[in-house]
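Just so you know, these numbers use all the heavy atoms, side chains as well, and skip hydrogens, waters and symmetry mates.
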Amino acid sequence: VVPSAAGGTEFQIHPARHMPGMIGAIVFAFVFAGIGVGIGILGAPIIFPAGFVGFGLLILFMMIFVAFGESRIVVEEGHVSVRNTLFGIMTGKRIPCSAVTKIGVTGQGRTGKPGHFSITFTKSDAKTVSPFQFLTERAQAEWLAEEVRKAMEPWRKERHAEHSPVQPG
């Protein structure tokens, strides 16, 4: 948790670097891509090798992001931004705090083993936004969700004031 450039609060989620799971997924990605290359050499219609290779590359990209990517949740000036960065390239979403109806934790894990837990922002149109990077412990994710709620509270109070009926003076 650090101050943001515009005076808000920034929550950083660093790369998980859960090596045993990543190694298995990378091997799976290479096997899947290898099958695509193999069936391409054997003369299968181009759609099959392209599908296998494309899916293998997608899995490989996801594992590279898990190993080297970073996610940030920034609350400032009445907005919450979810930013994902990989090798200096950033993507993200910016949502007005007043449009967030729920902040929750999603994911799964087994007792005593690292899990995959993420913060999820539900917007008023029922769409959700989550960072790509995950936390390995549910307690960490719940703590982070609570801290983000606290940081957003001043702007969420404005939302409730805007939507309450005006009392005659």
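- Applying the salt bridge (Lys or Arg N to Asp or Glu O under 4.0 Å) test to every pair with at least one member in residues 24-44, sequence neighbours left out, gives no pairs at all.
- Interatomic distance, E142 CD to Q140 CD, rounded to the nearest 0.5 Å: 11.0 Å.
- Judged purely by atom type and a 3.5 angstrom limit, T122 has no side-chain atom pairing as donor or acceptor with the backbone of T128.
- Aromatic ring centres of F48 and F52: separated by at least 6.0 Å.
- Nearest heavy-atom pair across M63 and A25 is SD-CB, 3.3 Å.
- By the side-chain contact (heavy atoms from CB on, under 4.5 Å) test, T85 is found to be paired with M90, residues two or more places apart in sequence or in another chain being considered.
- Contacts of K127 classified as side-chain contact (heavy atoms from CB on, under 4.5 Å), with partners at least two apart in sequence or in another chain: K123, D125.
- Ring geometry for F68 versus F87: interplanar angle of 30 to 60°, hence tilted.
- Partners of T106 according to the side chain to side chain donor-acceptor pair (under 3.5 Å) rule, which considers only residues two or more places apart in sequence or in another chain, are T120.
- Interatomic distance, I35 CD1 to F55 CZ, rounded to the nearest 0.5 Å: 11.5 Å.
- For I47, the CD1 atom sits in a loose shell: 12 or fewer heavy atoms of surrounding residues, nucleotides or ligands are nearer than 6.0 Å.
- Separating the NZ atom in K93 from the CD1 atom in I95 is a distance of 8.5 Å, to the nearest 0.5 Å.
- Listed here is the closest heavy atom pair of G56 and A29: O-CB, 3.3 Å.
- Using a 4.0 Å cut-off between a side-chain N of Lys or Arg and a carboxylate O of Asp or Glu, E70 and R72 qualify as a salt bridge.
- Cluster annotation: I46 and I41 are assigned to distinct hydrophobic clusters (Ile/Leu/Val/Met/Phe/Trp/Tyr, side-chain heavy-atom contacts under 4.5 Å, transitive).
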Applying side chain to side chain contact (heavy atoms under 4.5 Å, CB included), run through F32 and V53 and close with a yes or a no. CA-CA 7 Å; F32 217 82; V53 171; over 6 Å; no

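- Only one option out of V100, V74, T9 pairs with V80 in a side-chain contact (heavy atoms from CB on, under 4.5 Å); it is V100.
- The minimum heavy-atom distance linking S71 with N84 is given by the pair OG-OD1, 2.6 Å.
- Nearest heavy atoms, S118 versus P131: OG-O, 3.6 Å.
- For F61, the side-chain contact (heavy atoms from CB on, under 4.5 Å) criterion is met by L86, not counting sequence neighbours.
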Tell me, with the steps shown, if V105 and R138 meet side chain to side chain contact (heavy atoms under 4.5 Å, CB included). CA-CA 8 Å; V105 174; R138 177 173 282 282; 3.7 Å; yes

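- Partners of V148 according to the side-chain contact (heavy atoms from CB on, under 4.5 Å) rule, which considers only residues two or more places apart in sequence or in another chain, are F11, I73, V75, I103, F121, L144, M152.
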